[in-house]
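Some notes on the structure that comes next.
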There are 2 protein chains.
Amino acid sequence: MDREATRPGGDKRPDTPPPAGRPGPGGGAAFLLAQLGAHAAERFAQRIAELDLTPAQAGLLRLLVQNPGRSQRELADALGMPPSRFVPFADGLEQRGLIERRRNAEDRRLYALHLTDQGLALLGRLRDTALAHEQDVTQSLTPEEHAQLTALLTRIAAQQQLTPGVHPGYRTLRGR
Amino acid sequence: MDREATRPGGDKRPDTPPPAGRPGPGGGAAFLLAQLGAHAAERFAQRIAELDLTPAQAGLLRLLVQNPGRSQRELADALGMPPSRFVPFADGLEQRGLIERRRNAEDRRLYALHLTDQGLALLGRLRDTALAHEQDVTQSLTPEEHAQLTALLTRIAAQQQLTPGVHPGYRTLRGR
DNA sequence: TATTGTTATACTCTATAACTATA
DNA sequence: TATAGTTATAGAGTATAACAATA
């Protein structure tokens, strides 16, 4: 849509002085990160919606394959959601046969969550989707630039003390 | 918190095969973008909260300084929010004396929104905050790497057809 | 007494759709 | 009839806190 063409009235008295030369933010790396990050997250959410998964659900599957048997409280903490919200969240995946709750024999207050075979199979398709997403996002870069970008982002993530593999978008339950 | 130390029971029967070598996603550029983007947006929201501004409010101020006199509908579209939500959103900024509604003489259905002197002054402080934020996020990079990162992200943003200066986080009203 | 999992509830944010005034 | 701005409202998503079972 052309915004200039459909502008009815308004710019007759530009009483605020024009912003000199450059607008300031909007072109900085931090802003681009936020903008592109939101965009990438949105596109990824759209892609995995075809697998009937939300970003948070995908995050849980990946957590479970990395170390199975974690308790619900631990997993809720890792995903950044309160335990009360984790319950219906896990319910959905359990009813679909993707994860399994097993009572812990030593401490019967705890559940140990495990991936089912079906869940493991879905995780495979999830990885294919993630790979396609990666290629989509970086299609304008050469292989060298792609590696360069990954290296720079990895360094920033480490310096900002972000936990690998988990991001704040997991806190929400929304598909998009 | 050390998650390993507080793990009660669970990992006695790792019935799912270990994930071979690399975990797959989580280390890709697309995932890092989403993770770092959410982090950067969160930090920025915290910073500008000291100016009593949300990211969406900051976005509106920047839109208004770039071309004043736009109608509410245009601005709502640019920010990605429905007109009904824009009304109380603009109300808040108007009551604080940061923006001004002026009736359009040619089409009296329209309001032309303008930045007040006070709004312009706050925008100045906002730019200082954005600069500090930029430096915080990129503090682990050399000036050359910083420029490199900005160039790579700019290229991706253009290829993904993102509108400069606007990002989807503006759709929400939440301070954080 | 403390902790895990669960449920109940109140609250916030949101989009949809009516309404008005102008065109 | 169509559009800008506004208001009303119902729905979704959320966190807080109470609860039962186990330690």
Side-chain angles (χ1 to χ4, degrees), chain A residues 1 3 5-11 42 45 49 54-57 59-60 64 69-95 99-114 168-176, chain B residues 1 3 5-10 42 45 49 54-57 60 64 69-95 99-114 168-176:
Chain A
M1 300 104 187
R3 200 168 289 131
T6 57
R7 191 139 116 247
D11 50 352
E42 208 165 56
T54 65
Q57 289 173 328
L60 178 58
L64 285 184
R70 309 269 291 276
S71 75
Q72 296 192 173
R73 170 165 291 272
E74 290 176 299
L75 293 164
D77 284 350
L79 294 175
M81 59 171 68
S84 64
R85 198 138 59 83
F86 187 88
V87 174
F89 175 66
D91 285 346
L93 293 173
E94 189 184 32
Q95 283 160 20
I99 66 173
E100 214 179 22
R101 281 178 167 112
R102 301 186 196 156
R103 274 289 179 196
N104 185 317
E106 296 168 0
D107 187 339
R108 295 220 307 264
R109 292 175 304 182
L110 302 168
Y111 276 120
L113 262 58
H114 292 263
Y170 291 166
R171 284 188 301 226
T172 182
L173 225 44
R174 286 197 183 90
R176 41 198 134 150
Chain B
M1 303 102 185
R3 200 168 288 131
T6 57
R7 192 140 114 245
E42 208 165 57
T54 65
Q57 288 172 329
L60 179 59
L64 284 184
R70 309 268 292 273
S71 74
Q72 296 192 174
R73 170 164 291 272
E74 288 176 300
L75 294 164
D77 284 350
L79 294 175
M81 59 172 67
S84 64
R85 198 138 57 84
F86 188 87
V87 174
F89 174 66
D91 285 347
L93 293 174
E94 189 184 33
Q95 283 160 21
I99 67 172
E100 214 178 23
R101 281 178 167 112
R102 302 187 194 155
R103 275 292 178 193
N104 186 316
E106 297 168 358
D107 186 340
R108 295 221 307 266
R109 292 174 303 181
L110 301 170
Y111 276 120
L113 261 56
H114 292 264
Y170 292 165
R171 283 188 301 227
T172 181
L173 227 41
R174 286 194 182 90
R176 43 197 135 153

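Just the heavy atoms: all of them, side chains too, but no hydrogens, waters or symmetry mates, feed the values below. Chain letters run A, B, ... following the sequence lines, proteins first and then strands; every chain starts at 1.
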Legend entry - pair B:Leu93-B:Gln57: side-chain heavy atoms closer than 4.5 Å: yes

Inset, instruction - Ignoring backbone atoms, test whether A:Arg73 places a side-chain nitrogen or oxygen under 4.0 Å from the OP1 or OP2 oxygen of C:dA2. - result: no

Protein and nucleotides 18-23 of chain C: nitrogen or oxygen contacts under 3.5 angstrom:
| unit_1 | atom_1 | unit_2 | atom_2 | d |
| --- | --- | --- | --- | --- |
| C:dA23 | OP1 | B:Arg108 | N | 3.0 |

Legend entry - Side chain B:Gln95, main chain B:Gly92, donor-acceptor under 3.5 Å: no

Inset, instruction - May I have the distance from A:Arg102 (atom CZ) to C:dG5 (atom P), rounded to whole angstrom? - result: 15 Å

Legend entry - SB check A:Glu42 B:Arg171 (cutoff 4.0 Å): yes

Inset, instruction - Would you indicate whether the side-chain heavy atoms of B:Leu75 and B:Arg70 approach each other to under 4.5 Å? - result: yes

Inset, instruction - Check every strand shown and say whether B:Phe86 touches a base, only sugar-phosphate, or nothing at a heavy-atom separation below 4.0 Å. - result: nothing

Inset, instruction - Any pair with a residue in residues 83-93 of chain A that passes salt bridge (Lys or Arg N to Asp or Glu O under 4.0 Å), sequence neighbours left out, goes on the list, sorted by first then second residue, please. - result: A:Asp91-A:Arg101

Inset, instruction - Decide yes or no for A:Leu79 and A:Phe89: does some side-chain heavy atom of the first lie under 4.5 Å from some side-chain heavy atom of the second? - result: yes

Inset, instruction - May I have the distance from A:Leu110 (atom CG) to D:dA20 (atom P), rounded to whole angstrom? - result: 20 Å

Legend entry - Rounded distance in Å - CD (A:Glu74) to P (C:dT3): 14 Å

Inset, instruction - Whole angstrom is fine here: how far is it from CD in B:Gln72 over to C1' in D:dT3? - result: 14 Å

Legend entry - Flag for B:Arg103-B:Tyr111: side-chain donor and acceptor within less than 3.5 Å: yes

Legend entry - Shortest non-hydrogen separation from A:Ala56 to A:Tyr170 and the atoms involved: CB-O, 3.5 Å

Pick out the pairs of N or O atoms, protein on one side and nucleotides 14-16 of chain D on the other, that lie under 3.5 Å.
| unit_1 | atom_1 | unit_2 | atom_2 | d |
| --- | --- | --- | --- | --- |
| D:dT14 | OP1 | A:Thr172 | OG1 | 2.7 |
| D:dT14 | OP1 | A:Leu173 | N | 3.2 |
| D:dA15 | OP2 | A:Arg85 | NE | 2.6 |
| D:dA15 | OP2 | A:Arg85 | NH2 | 2.9 |
| D:dT16 | O4 | A:Ser84 | OG | 2.9 |

